[in-house]
Amino acid sequence: MNTWLYVLRKLIYTIPVLLGVCFLIFLLFNVFSPDPASIILGKHATVKQIEEVRNELGLNKPYFLQYLDIVKSAFTFDFGRSWQTKQDIWDMMKQGAVPSMTLTIPGFMISTVFAIIISLVVSFYRGKLLDKGTVILCVALMSIPSLAYILFGQWFFAYKMSWFEISGYESGFPYFIPYIILPVLIWVFLTIGPDVRFFRTIMLDEIYQDYVRTARAKGLSETTILFKHVLKNAMIPIITYVIIQLPFLILGALLLESFFSIPGLGGITISAVYASDLPVIKAMTVLTAVAYIIFSIITDVLYTVVDPRVSLK
Amino acid sequence: MSVAVAEKLVSKESHSQSKSLWNHAWESLVSDKIALISMVIVSIYAIVAILTVTGVIAADWSQEVGASYEAPSAAHIFGTDIFGRSVLLKTIKGTEVAMSVGFVTAIVAVVIGVALGGVAGYFGGKVDDFIVWFYTMFSSIPNIMLLVAITFIMGRGLVAVYMALGLTTWVNLCRLIRAEVIRHKEREYVQAATAIGGGHSRKMIKHILPNVFHIVIIQFSLLFQTAIKSEVILSYLGLGVQGRPSWGTMIDDAKLELARGVWWQLAAASLAMFVVVLAFNLLGDALRDALDPKLKGKS
């Protein structure tokens, strides 16, 4: 079957998923959540004030139209205004995206590359002390709560040792770098454990395949086998794993951004949660869900392109 | 009747002859030192949690034992908090919240995941399409947003934490169970069960479930530790447990304390959490090595 037809079918298949996600968001935020008008106005609001706010927020519309608004926002990105700052949410997002990505993209790339290298090395020494030690170290790194990393890192390396900026951000290319070094380092420590463990499993799966035995039988060295054969085949699951994480990079590093006062999407989301700013939380949810759906199509399509054994069904 | 009799006959014979997967798994678990130590650690935490619930230990955690923010000393190994309460006792009392959050959350996730995954895999067709659609929906929304939304609706408190964490973590288990049930439902032993007149529910619960149950056990230990770690994030967002000590709120308190040089509350709670989460992680790995038949003979 033609690749484009396959893409088209995938796109059609995502329509029910997207409608479902919107419905779930609608249920969570419009139907079941406590009355937003009383959140904004506090306890001492009059009935008239509450009515005005409800009108303004579009909460007096019938449920069906409220649901349609959410679906519409997934395509037009018109999310309305924040309750807290009164700014247009899409503008806030556009401003927040760049600082977020200056943090998440370097962090993501560094940790992925390191994880691939480390997992190749340990799968070379599989079963030996180095391998076992690395696996336990990874599990240990994963067992420390993420907040503890951030609190300790910020307090010790930035506050006590003054090696890095404690918090803050400046936009523009070289200026932001001093502010992101420590958050990026913490990001790497947070993500490298699970990554190495996962990549190692993939490499080991490949190492027991028949083609590796053939390669060994014809006398290839273990390094050639690892780099030329195993790595190439292991790249397929690794790439899918990497791509499907990309949409969540948009959301930024929620905790890191809020601790280091980086004005990214994660920081915006956290402050929205603190202020019960429902439209912003809803908008971030819709945006990441749409990104996730798009990226999962990309992953599926790439998978079939990279691996001819997977049929286009 | 005849089905039950036939099954009884078969099971009687097999019991006396060879060891089951579970016996083998148990043997390899107790011979694995790391797994054994992990199990001991988890049991100790569980016992501590039971003892604090019943009030045998750490019942007087809320009492003032010294000045505010006293540094660790021989009398108070982990110092005191802002109200002069012993951080050690708070940490011990916090075991209760951590273990209950881990346990209840894992149960909620397992019940949803196994029920939906089993039904989807077993019946296939339209039912399967619907359930796949349902969990794709859940996995499209970032967990943290779902957590926030659910705690908004349910209010604050322990029940909200249980439900929020349980409802956000079942998808992975559901996927795994569905895939495994699909592999099993055409096997000979299921056909045999059909042949002797076994109904759907009998085949699912009595025949297929025991054969996919190893996934549940492995995932249970992973779900347990994820929940304990997630409780910290909920506390940071102000959506966590209130009115009693939890490791999450203790770590969250540290964001204001560290600048004053008060590190002991962060250290005590992180250490307590680190040990039990590490034990669960290592136990999960050991369980997978012991129970997953696909891994037999490797490494």
Side-chain angles (χ1 to χ4, degrees), chain A residues 13-14 16-21 23-25 27-29 31-34 39 126-127 135-136 139-140 142-152 154-156 159-160 197 204 208 247-248 251 254-255 258-259 269-270 272-274 276 278 281-282 284-286 288-293 296, chain B residues 34 129-130 132-134 136-155 225 228-233 235-239 247-248 251-252 254-255 257-259 261 263 266-267 269-271 273-282 284-285 294 297-299:
Chain A
Y13 178 71
T14 59
V17 174
L18 190 67
L19 290 178
V21 169
F23 188 67
L24 194 63
I25 293 169
L27 280 182
L28 289 173
F29 290 104
V31 179
F32 289 127
S33 86
I39 298 178
R126 60 191 172 278
V135 171
I136 291 190
V139 178
M142 287 158 66
S143 303
I144 301 172
S146 49
L147 211 56
Y149 277 101
I150 299 172
L151 284 166
F152 178 78
Q154 194 178 30
W155 170 66
F156 189 76
Y159 180 75
K160 280 215 117 168
R197 246 163 64 106
L204 288 186
Y208 291 102
F248 296 116
L251 194 59
L254 289 165
L255 299 176
S258 111
F259 267 96
T269 314
I270 295 271
V273 171
Y274 275 134
S276 303
L278 284 185
I281 302 174
K282 209 155 86 176
M284 290 302 303
T285 315
V286 172
T288 34
V290 169
Y292 180 85
I293 291 170
S296 52
Chain B
I34 293 177
D129 286 346
F130 178 77
V132 170
W133 168 78
F134 190 69
T136 314
M137 215 165 81
F138 266 85
S139 61
S140 308
I141 298 177
N143 267 356
I144 188 122
M145 296 310 209
L146 269 181
L147 281 180
V148 169
I150 295 169
T151 38
F152 261 146
I153 295 168
M154 302 204 44
Q225 55 94 11
I228 295 178
K229 279 199 291 184
S230 306
E231 192 257 329
V232 184
I233 303 203
S235 299
Y236 172 67
L237 293 174
L239 305 169
W247 300 337
I251 293 175
D252 180 48
K255 69 185 174 204
E257 294 170 354
L258 278 178
W263 50 268
L266 172 68
S270 301
L271 186 69
M273 186 178 289
F274 171 72
V275 173
V276 71
V277 171
L278 182 65
F280 268 112
N281 266 321
L282 293 173
D285 283 0
K294 273 180 284 183
K298 273 190 193 176
S299 84

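- Only the side chain of A:Tyr274 comes within less than 4.5 Å of a heavy atom of chain B; its backbone N, CA, C and O stay farther away.
- Only the side chain of B:Ile34 has a heavy atom closer than 4.5 Å to any heavy atom of chain A.
- How far CG of A:Leu151 is from CG of B:Leu258: 5.5 Å, rounded to the nearest 0.5 Å.
- Both the backbone and the side chain of B:Ser139 have a heavy atom closer than 4.5 Å to some heavy atom of chain A.
- Taking CD1 of A:Ile25 as the start and CE of B:Met145 as the end, the distance is 9.5 Å to the nearest 0.5 Å.
- Scanning for ring pair (Phe, Tyr, Trp, His ring centres under 6.0 Å) contacts around B:Phe130 gives B:Trp133, with sequence neighbours left out.
- For the set A:Leu24, A:Val135, A:Ile144, the entry with the most heavy-atom pairs within less than 4.5 Å of chain B is A:Leu24.
- Looking at B:Lys229, the atoms closer than 4.5 Å to chain A (heavy atoms on both sides) all sit in the side chain, from C-beta outward.
- Per-residue heavy-atom pair counts under 4.5 Å with chain B were compared for A:Met142, A:Lys282, A:Lys160, and the maximum is reached by A:Met142.
- Of the two parts of B:Ile233, only the side chain, counted from C-beta on, holds a non-hydrogen atom closer than 4.5 Å to a non-hydrogen atom of chain A.
- Comparing B:Ser235, B:Ala259, B:Gly238, B:Gly155 by how many heavy-atom pairs each has under 4.5 Å with chain A, the most go to B:Ala259.
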(request) Go through A:Ser258 and B:Tyr236 one step at a time and tell me if the side chain to side chain contact (heavy atoms under 4.5 Å, CB included) criterion holds. (result) CA-CA 11 Å; A:Ser258 111; B:Tyr236 172 67; 2.6 Å; yes
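- Here the OG1-CG distance, from A:Thr285 to B:Leu146, works out to 8.0 Å after rounding to the nearest 0.5 Å.
- Qualifying side-chain hydrogen bond (donor to acceptor under 3.5 Å, both in side chains) partners for B:Asp285, counting only residues two or more places apart in sequence or in other chains: A:Arg197.
- The line from CD1 of A:Ile293 to CE of B:Met137 is 10.5 Å long, rounded to the nearest 0.5 Å.
- Minimum interatomic distance between A:Pro145 and B:Met273 (heavy atoms only, all atoms of both residues): CG-SD, 3.5 Å.
- With a 4.5 Å cut-off on non-hydrogen atoms, A:Phe23 does not touch chain B at all.
- Both the backbone and the side chain of B:Leu278 have a heavy atom closer than 4.5 Å to some heavy atom of chain A.
- The structure places CZ of A:Phe29 at 7.5 Å from CZ of B:Phe152, a figure rounded to the nearest 0.5 Å.
- When each of B:Thr136, B:Val275, B:Leu237 is checked for heavy-atom pairs under 4.5 Å with chain A, B:Leu237 comes out on top.
- The choice from A:Gly127, A:Ser296, A:Ser146, A:Ala140 that makes the most heavy-atom pairs within less than 4.5 Å of chain B is A:Ala140.
- Rounding to the nearest 0.5 Å gives a distance of 11.5 Å between CG of B:Asn281 and CD1 of A:Ile136.
- Of the atoms belonging to B:Trp263, it is side-chain heavy atoms, and not backbone ones, that fall under 4.5 Å from chain A.
- Using a 4.5 Å cut-off between heavy atoms, A:Leu28 touches chain B through backbone and side chain atoms alike.
- With chain B as the partner, the residue from A:Val17, A:Val286, A:Leu18 showing the most heavy-atom pairs under 4.5 Å is A:Val17.
- Interface residue B:Val232: backbone and side-chain heavy atoms are both found under 4.5 Å from chain A.
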